[in-house]
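Quick note on labels: first sequence line is chain A, next is B, and so on, each numbered from 1. Heavy atoms only: backbone and side chains are in, while hydrogens, waters and symmetry mates are out. Note that the structure is predicted; figures quoted are calculated from it, not measured.
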4 protein chains.
Amino acid sequence: MAPVKNNKNQNSSKRDQILHAAVDKFLEKDFYQVTVTEIAELAGVGKGTVYEYFSSKEELFKESFSYCAGIYLQTFKINFAELASARITMEDILVTHLNLIKENRNKLHLLFNERPQNLKELQAWILEQRRELLNELTGLISEGIRLGEVRSDLNVDMAARLFLALNQQVIGEMVLLDNIAVEEAQLKELLDLYWNGIGKSALWQGH
Amino acid sequence: MAPVKNNKNQNSSKRDQILHAAVDKFLEKDFYQVTVTEIAELAGVGKGTVYEYFSSKEELFKESFSYCAGIYLQTFKINFAELASARITMEDILVTHLNLIKENRNKLHLLFNERPQNLKELQAWILEQRRELLNELTGLISEGIRLGEVRSDLNVDMAARLFLALNQQVIGEMVLLDNIAVEEAQLKELLDLYWNGIGKSALWQGH
Amino acid sequence: MAPVKNNKNQNSSKRDQILHAAVDKFLEKDFYQVTVTEIAELAGVGKGTVYEYFSSKEELFKESFSYCAGIYLQTFKINFAELASARITMEDILVTHLNLIKENRNKLHLLFNERPQNLKELQAWILEQRRELLNELTGLISEGIRLGEVRSDLNVDMAARLFLALNQQVIGEMVLLDNIAVEEAQLKELLDLYWNGIGKSALWQGH
Amino acid sequence: MAPVKNNKNQNSSKRDQILHAAVDKFLEKDFYQVTVTEIAELAGVGKGTVYEYFSSKEELFKESFSYCAGIYLQTFKINFAELASARITMEDILVTHLNLIKENRNKLHLLFNERPQNLKELQAWILEQRRELLNELTGLISEGIRLGEVRSDLNVDMAARLFLALNQQVIGEMVLLDNIAVEEAQLKELLDLYWNGIGKSALWQGH
DNA sequence: AATGAATGAGTCTTCATTCAT
DNA sequence: CATGAATGAAGACTCATTCAT
């Protein structure tokens with residue numbers, strides 16, 4: 001009897017090599033500027049082997065994208081059970097998000113730069129993920145209201161959107177585009193801005 | 001009286017035909033998925049004619065991008081002379097921005113979706129434009145502080161960034177991604193959120 | 001009555017402008033690397049005007065070639081009437097040829113470098129011209145025999161061919177390829193070589 | 001015994017198929033009139049396959065040219081070791097050269113007709129080869145002087161050039177242009193012409 | 001399972017030529 | 001006559017995908 005080859009793991013590891021190589025390449029260049037050949041080379045496999053594990057370049061791109069997105073989305077997965085404070089949770093999210101961006105500088109380019117307009121399926125998936133994210137945040141803010149930390153007269157959906165934009169556009173661009181060395185202290189400032197607004201105390205606001 | 005044919009503009013109009021066709025196509029698909037032939041057809045001219053007016057497909061893309069960006073950037077050109085109120089100016093910006101997005105739904109997709117990674121020159125131009133935008137907004141907020149509307153203890157740069165994100169990501173995504181029929185009333189809500197923050201009145205915040 | 005415009009000369013001069021521009025360009029680059037546009041520009045006329053005077057680029061090339069060849073071929077047009085000495089005539093030809101090459105360095109490149117393989121008609125014309133040239137030279141050598149200067153036991157055709165090669169390949173390459181500053185003194189050496197051969201005196205040769 | 005299939009050469013043979021097809025085509029038409037598709041078809045391979053073996057059409061042309069030139073240049077590789085007679089060596093060269101021309105009628109057209117003006121690298125290589133050829137011949141003639149066959153008062157370089165022209169232009173044109181059935185007997189006549197010159201015995205020359 | 005040689009569909013770009021003005 | 005804007009045929013080259021080994 002022939003020795004049992006652990007095909008499952010062998011394959012999975014080879015598949016992973018290819019996937020990681022693809023992610024690296026897609027992060028570096030446009031979809032149309034990455035060639036299957038160079039992915040294969042980076043993965044250290046033959047060109048034909050890529051097609052053993054992925055049906056097409058497009059498929060490989062989708063999986064690369066989802067892989068990166070998956071890493072990213074964890075940040076916002078909040079556990080509401082026994083949530084003590086919305087503000088503190090938000091602070092945690094900001095910190096986690098910042099670290100994630102710093103640690104995955106390169107990987108995130110894929111998420112922010114590639115908008116595969118013709119991959120409708122993937123487009124839909126992205127929208128869906130964003131919607132879920134917004135739902136999480138809406139829940140978080142509602143919880144804040146219940147806890148008495150957040151004012152109850154605001155539009156919860158908008159507040160969630162602004163918090164998302166705070167994370168993605170504001171922090172994202174500070175770190176990735178402007179190369180500002182953002183630290184926790186600055187996150188506190190940002191959260192304060194978000195929490196208290198820019199206007200002079202609301203007390204006098206009405207007058 | 002016979003209609004006057006504006007011969008002068010005939011040429012310019014042919015160039016414009018091509019440019020508009022290109023914008024349409026680039027909004028619809030990736031740079032690499034749009035063919036020059038397709039643009040020529042949509043513009044109603046021969047393929048060679050495209051090259052009479054634009055030296056290459058890349059050049060045509062850059063001009064399409066700049067064209068869209070140009071339309072967009074007007075929104076933020078603020079005149080500080082005799083600025084009466086930062087808050088009212090911000091309201092104006094939000095309204096103008098919203099209208100612009102609504103009127104140019106399609107055109108703006110290009111700005112937000114295409115990030116031509118290999119067009120370094122264009123990349124640099126985009127960064128430069130964004131920086132100018134942030135400067136305008138920083139100026140606006142500083143003016144608000146001078147006028148006593150905005151609290152003086154905040155980080156002006158961050159406030160500017162958050163206001164930009166409010167416009168671009170929050171409003172942009174509501175209109176373009178989620179197809180929400182945003183009206184002026186909602187802009188007020190958004191501005192209020194930005195102005196006063198989400199927390200309970202700062203007065204009580206400390207207690 | 002309208003003033004009489006001297007069309008004949010006007011045309012001829014414009015035609016010449018174009019022809020000279022074409023010659024210049026064809027001397028500089030391959031047929032396929034010269035564009036009609038650049039010929040028109042150099043001639044200072046519109047692109048369409050070229051087609052007023054020449055039916056096609058190919059036609060224009062043929063005329064350019066013939067023009068250069070015509071200049072060249074004069075060198076060998078010998079007047080046999082009252083020919084005093086074949087040797088002196090040959091010396092004259094060498095001198096004339098050398099001067100021609102020096103004076104028309106550039107123009108001659110066309111003759112030597114362009115061999116329009118697909119212009120059968122032109123090919124035939126070239127062969128015909130070469131044949132005529134050889135006939136002239138054969139006549140010259142025969143005359144030399146009649147005058148008792150040239151030995152009568154040689155193959156007149158071959159002698160003519162070698163004299164042509166002496167002019168074209170030997171002198172041509174010395175001047176045009178190797179940039180040797182050939183002077184009349186050296187032509188004498190060459191003619192001596194041709195006249196007396198390289199072997200030790202014929203007297204001993206037979207022994 | 002089953003025929004051994006030489007797998008090793010299979011690859012080389014595919015490259016050769018393409019090279020030979022290219023040579024055939026380039027001999028038939030100008031560089032710019034030969035299409036890669038046409039070469040691929042003649043070679044019996046796909047268009048893409050050409051680019052597997054040659055990086056560009058230009059590269060393919062260069063290799064075709066060098067290939068033909070390589071065949072040609074062998075003729076003049078002379079072994080001076082124990083050279084018995086310059087005259088006999090020259091006779092050998094003429095014979096070899098003639099046979100080569102006859103056997104490779106077509107291949108040599110490429111060498112004589114195509115002067116790729118824009119392939120500077122190739123141009124340089126050609127000049128270099130010609131220079132080496134002249135050096136060989138200069139050496140041969142000097143040897144002739146040492147052996148007492150050749151007169152010592154001549155310009156060795158010029159003599160070498162004339163001998164080269166004798167081979168290339170005279171014999172070349174007789175065979176290739178004028179379709180004369182040149183035989184060894186005629187080569188003797190030619191060599192005699194070169195050796196003794198056309199003039200009456202040098203002895204009487206001065207008188 | 002793994003490979004990479006072979007393929008040809010698809011694209012940008014050039015440029016001779018035409019023709020309306 | 002003179003022009004040059006418009007054209008589209010033609011060709012080099014790329015690269016995702018296949019398939020024989």
Side-chain angles (χ1 to χ4, degrees), chain A residues 5 7 10-11 14-15 18 31-41 43-61, chain B residues 7 10-11 14-15 18 32-41 43-60, chain C residues 5 7 10-11 14 18 31-41 43-60, chain D residues 7 10-11 14-15 18 32-41 43-60:
Chain A
K5 218 167 54 175
N7 281 311
Q10 285 300 96
N11 286 349
K14 189 150 275 190
R15 189 179 192 282
I18 296 168
F31 178 77
Y32 289 94
Q33 296 214 277
V34 173
T35 68
V36 173
T37 304
E38 77 190 319
I39 291 172
E41 270 166 12
V45 301
K47 205 189 320 183
T49 309
V50 172
Y51 287 85
E52 290 285 325
Y53 295 97
F54 301 91
S55 65
S56 69
K57 185 185 172 186
E58 205 165 273
E59 164 86 11
L60 186 49
F61 177 78
Chain B
N7 281 314
Q10 281 310 90
N11 271 351
K14 186 143 273 187
R15 189 178 191 280
I18 296 168
Y32 290 96
Q33 292 217 274
V34 174
T35 69
V36 173
T37 305
E38 174 172 52
I39 292 171
E41 271 166 11
V45 301
K47 203 189 322 180
T49 308
V50 172
Y51 287 88
E52 288 280 320
Y53 294 96
F54 302 91
S55 64
S56 69
K57 185 184 172 187
E58 203 165 276
E59 166 85 11
L60 185 48
Chain C
K5 221 170 51 182
N7 282 311
Q10 284 300 96
N11 285 350
K14 190 150 275 192
I18 296 168
F31 178 78
Y32 289 93
Q33 297 214 278
V34 172
T35 68
V36 174
T37 304
E38 76 190 321
I39 291 171
E41 270 166 12
V45 301
K47 205 189 320 183
T49 309
V50 172
Y51 287 86
E52 291 283 326
Y53 295 96
F54 301 90
S55 66
S56 69
K57 184 185 172 187
E58 205 165 272
E59 165 85 12
L60 186 48
Chain D
N7 281 313
Q10 280 310 89
N11 272 349
K14 185 143 275 185
R15 189 178 191 281
I18 296 168
Y32 290 96
Q33 292 217 275
V34 173
T35 70
V36 173
T37 304
E38 174 172 52
I39 292 171
E41 271 165 13
V45 302
K47 200 193 324 180
T49 308
V50 173
Y51 288 90
E52 289 280 320
Y53 294 95
F54 302 90
S55 64
S56 68
K57 185 185 172 186
E58 203 164 274
E59 165 85 13
L60 186 48

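- Here the OG1-NZ distance, from B/T35 to B/K47, works out to 8.5 Å after rounding to the nearest 0.5 Å.
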Close N or O pairs between protein and nucleotides 15-18 of chain F (under 3.5 Å):
from	atom 1	to	atom 2	distance (Å)
F/dA16	OP1	A/V34	O	3.4
F/dA16	OP1	A/K57	NZ	2.9
F/dA16	OP2	A/V36	N	2.9
F/dT17	OP2	A/Y51	OH	2.8
F/dT17	OP2	A/K57	N	3.0
F/dT17	O4	A/K47	NZ	3.4

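- Closest non-hydrogen pair, B/A40 versus B/V50, comes out as CB-CG2, 3.8 Å.
- Nearest-nucleotide assignment on DNA chain F puts the 5′-proximal partner with C/T49, out of C/T49 and B/T49.
- From A/F61, atom CZ reaches atom OH of A/Y32 across 9.5 Å, with rounding to the nearest 0.5 Å.
- Across the protein-nucleic acid pair, B/I18 atom CD1 and F/dT7 atom P stand 8 Å apart, rounded to whole Å.
- Panel note: side chain C/K57, backbone C/F31; a donor-acceptor pair is recorded below 3.5 Å.
- To the nearest 0.5 Å, the span separating CZ on A/R15 from OG1 on A/T49 amounts to 14.0 Å.
- Residue contacts shown for D/V45 are limited to sugar-phosphate atoms, with no base heavy atom under 4.0 Å away.
- In terms of heavy-atom proximity, C/E59 sits nearest to C/S55 at CB-OG, 3.7 Å.
- For the pair C/Y53 OH and F/dA2 C1', the computed distance is 9 Å after rounding to whole Å.
- Using modelled atom types, no side-chain atom of D/K14 and backbone atom of D/Y53 make a donor-acceptor pair closer than 3.5 Å.
- The distance between atom CZ of C/F54 and atom P of F/dA2, rounded to the nearest whole Å, is 13 Å.
- The side chain of C/K14 contributes an N or O atom lying less than 4.0 Å from OP1 or OP2 of F/dA2.
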**Asked** For DNA chain F, what string of dots and brackets results from 5' to 3' when Watson-Crick and G-U pairs need both distances under 3.5 Å, crossing pairs get [ ], and pairs with another strand get |?
**Response** .||||||||||||||||||||
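- Contact between D/E38 and D/Q33 at its shortest, heavy atoms only, is OE1-O, 3.7 Å.
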